[in-house]
Amino acid sequence: MSATDQRPNFLFIITDQQRADWLGCAGHPVVRTPHIDALASRGTRFERFYVASPVCMPNRASLMTGRFPTTHGLRYNGCFLPATANTFVDVLKADGYRTASIGKSHLQPFTTVPPVARAPFDSGPIEEAWQKDGHDYWQEQPTRYDGTSRYDFRTPYYGFDHVDMVVGHSDQVDGHYLQWLRAQTPDWDRLRDRNHQLPHNYSCPQAYRTAIPEELYPTAYVRDRACEWLKAQQDADQPFFAFVSFPDPHHPFTPPGRYWDMYDPDEFRVPLPYSRHQNPPMPMRACMELAQAGRDPITPTTAFSLLDERQIREAMALSAGMISMVDDAIGDLTRTLTEAGLTENTVICFNSDHGEYMGDYNLMLKGALSTEGINRVPFIWVEPGQEQTAVSHAMGSTVDISSTVLARAGSKPYFGMQGENLLPCLQGADSERDAVLVEFNDAVPRMGFKTPARVRTLVTPDVRFSIYKDEPWGELYDREVDPEDTHNRFDDPAKRSQRADLALELNHRLIGLMDESPRSERLA
């Protein structure tokens, strides 16, 4: 697209399960991310950017729709974003943009595992509160990619005309990637077989030294497919929106080739061990009890109990290797933009779908315990021609991304979007937000909960306040004096008035989540 055209292109790069502070430009003392840092050096890095939900599917749906999980309906992993839901990509497509999704989407289930059984319910001839809409919600399922010929993805897919699907994580990715891998080598199955992983001495759970070489690893696949698509746009007569989604550094920990031992576990430290918390809340204590009893969590592929310091350092080193590989791939993407003559009219964004405990209180991965590590994510916005580093302390949310992209594209939003336009923040203004809301809905009971956890968190510049459904306890941290959330003041008599004020504020925000769309066209 010509640089003289007033409608910019967009290259939106997103990683999976990466904390805001795990970037060189965010001050991490060990992880090296020179290419992401280069974006931050000529763009705006948001220091206080939070997810709508710290879980893959709900937050990705919030990114796409500009609506909270309670409103758009994809509330926890294993659900799907209704095909009847509009996305901001639908708007861009309707306004003449070419749209592409390359990599992980995760707006529909990508597992063949049966759904979690609901509580027993004796239904009549009509089983659900919602009627089935008849759409195909299984395009991301691995069985669609079993054939030898490339699976013909039905588009538009939530607004995307071009889809190159990556399904899964680490070296166990499926989708179009696996169809491609089968064509590259007859040893594809053996390379992915965990029984044939390369030797190593790591004891960290989910640390696998993959035999897949760097050039065949999913990160390389996403990079190469994205570069090919970007090159094809250099003479196009339409602007484009490219969503490039890397499945790393999400666990399991499988950095390939030189990235496996790029970092030494001894380079890392565990800055916030369990012992630092003065009065650990129930989920934290429950995980400690599991660890002391030597028991695995209920769902070991998605939630750890507490790990010891050595295991955490190993997980950190391997995660850093995965991040560095993604960073190198981002360097290739930005070079491709330059070589194709697209840099002068392309907005580049960098984001992650949620964070990671990464050793906070000796926890790993993510879960119902609402912490800064899983709720705060990186967000960098690079304007064409911007050459000055900026850091915004305005509060932002994943639901704001769609409104901001549409505003920059000169497109009008649809009714019912719940985000704010962050473009004024690029000029140094504060956002309209004085707090952000974070939702968490679990699919199964874990971390000591008797039923699937339902959590609502309010984060202000000075306070983190969390309510857990049907639990007599909660969390209130005064982040001015306790920035690492180590002293829960929820039951402190001195905080009773503040707790009441925060509960009222949270209630107002929850009431405001009512879906206003579609609006009535006439009075009753």
Side-chain angles (χ1 to χ4, degrees), residues 14-17 56-57 100-114 136-155 157 160-200 206-232 242-260 301 318 321-322 325-326 328-329 332-333 336:
I14 186 169
T15 58
D16 197 330
Q17 198 161 299
C56 295
M57 296 185 75
S101 175
I102 301 167
K104 180 183 175 182
S105 169
H106 215 183
L107 297 174
Q108 295 181 356
F110 60 41
T111 177
T112 56
V113 177
D136 182 356
Y137 287 109
W138 312 111
Q139 290 207 77
E140 297 191 31
Q141 274 210 331
T143 54
R144 294 290 175 96
Y145 305 89
D146 287 342
T148 55
S149 59
R150 180 180 170 86
Y151 172 62
D152 187 13
F153 213 92
R154 285 188 290 282
T155 57
Y157 189 68
F160 291 110
D161 280 324
H162 173 87
V163 176
D164 206 310
M165 182 60 65
V166 163
V167 173
H169 305 110
S170 67
D171 65 342
Q172 298 299 299
V173 164
D174 210 301
H176 287 137
Y177 161 78
L178 185 55
Q179 292 191 305
W180 169 84
L181 181 64
R182 292 190 193 110
Q184 306 308 305
T185 172
D187 294 329
W188 65 270
D189 200 17
R190 182 181 177 84
L191 291 173
R192 287 161 50 94
D193 188 342
R194 295 286 169 79
N195 294 318
H196 296 110
Q197 64 175 300
L198 302 178
H200 65 87
Q206 300 197 45
Y208 302 102
R209 189 163 193 178
T210 182
I212 297 177
E214 293 172 28
E215 66 273 15
L216 298 182
Y217 189 75
T219 295
Y221 175 83
V222 173
R223 174 200 66 201
D224 293 345
R225 301 294 82 73
C227 287
E228 289 171 2
W229 193 87
L230 290 171
K231 289 175 185 176
F243 184 81
V244 180
S245 179
F246 293 98
D248 277 1
H250 192 290
H251 61 282
F253 310 113
T254 59
R258 71 184 186 276
Y259 295 100
W260 174 272
T301 59
L318 297 179
M322 297 163 85
M325 186 175 189
V326 171
D328 285 342
D332 290 330
L333 290 174
T336 298

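Reckoned from all heavy atoms, side chains included, excluding hydrogens, waters and symmetry mates.
- Looking at every heavy atom in both residues, Ile102 comes nearest to Ala226 through CD1-CA, 3.7 Å.
- Under the side-chain hydrogen bond (donor to acceptor under 3.5 Å, both in side chains) criterion, Asp152 pairs with no residue, sequence neighbours left out.
- In this structure the side chain of Phe246 never reaches within 4.5 angstrom of the side chain of Val166, judged on heavy atoms.
- Contact check for Leu178 versus Val173: no side-chain heavy atoms found under the 4.5 Å cut-off.
- Taking 4.5 Å as the limit, some side-chain heavy atom of Lys104 sits within range of a side-chain heavy atom of His169.
- With values rounded to the nearest 0.5 angstrom, Gln141 atom CD is found 9.5 Å from Gln108 atom CD.
- What you find for Pro247 and Pro218 is that their closest heavy atoms are CG-CB, 4.3 Å.
- Counting heavy-atom neighbours within 6.0 Å of Arg150 CZ, excluding the residue itself, gives a total above 12.
- Pairs engaging residues 212-231 under the side-chain hydrogen bond (donor to acceptor under 3.5 Å, both in side chains) rule: Asp164-Tyr221, Glu214-Arg258, Tyr217-Asp248, Tyr217-Thr254, Arg225-Glu228 [sequence neighbours left out].
- Asp174 and Arg144 are not joined by a salt bridge, as no carboxylate oxygen comes within less than 4.0 angstrom of a charged side-chain nitrogen.
- Under the side-chain hydrogen bond (donor to acceptor under 3.5 Å, both in side chains) criterion, Asp332 pairs with Arg335, not counting sequence neighbours.
- Checked by atom type and distance alone, the side chain of Gln206 never pairs as donor or acceptor with a backbone atom of Phe253 at under 3.5 Å.
- Looking at Ser149 and Gln179, their side chains never come closer than 4.5 Å, going by heavy atoms from C-beta outward.
- Expressed to the nearest 0.5 Å, how far CG of Leu181 lies from CG of Asp189 amounts to 9.5 Å.
- Using a 4.5 Å cut-off on side-chain heavy atoms (C-beta onward), Cys56 and Asp16 make contact.
- Across every non-hydrogen atom of Thr210 and Leu191, the tightest pair is OG1-O, 4.0 Å.
- With contacts defined as side-chain heavy-atom distances shorter than 4.5 Å, the pair Ser245/Thr15 does not qualify.
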Q: Verify side-chain contact (heavy atoms from CB on, under 4.5 Å) between Thr185 and Leu216, making sure each step is shown before the conclusion.
A: CA-CA 9 Å; Thr185 172; Leu216 298 182; 4.1 Å; yes
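- Between the side chain of Gln139 and the main chain of Arg154, a donor-acceptor pair closer than 3.5 Å is present.
- Side-chain contact check for Tyr157 versus Met165: some heavy-atom pair is nearer than 4.5 Å.
- Take Gln172 and apply the side chain to side chain contact (heavy atoms under 4.5 Å, CB included) test, not counting sequence neighbours, and it matches Ser170, Arg192, Arg194.
- Within the 4.5 Å cutoff, the side chain of Cys227 has heavy atoms near those of the Leu333 side chain.
- Taking CD of Glu140 as the reference point, atom OG of Ser105 lies at 4.0 Å (rounded to 0.5 Å).
- His200 meets the side chain to side chain contact (heavy atoms under 4.5 Å, CB included) test with Gln197, Tyr202, Arg209, Trp260; sequence neighbours excluded.
- Put simply, CG on Leu107 and OH on Tyr137 are 11.5 Å apart, with the number rounded to the nearest 0.5 Å.
- Residues passing the ring pair (Phe, Tyr, Trp, His ring centres under 6.0 Å) test with Tyr145, sequence neighbours excluded: Tyr151, His176.
- Relative ring orientation between Phe243 and Phe160 is described as tilted, the plane-to-plane angle lying within the 30° to 60° band.
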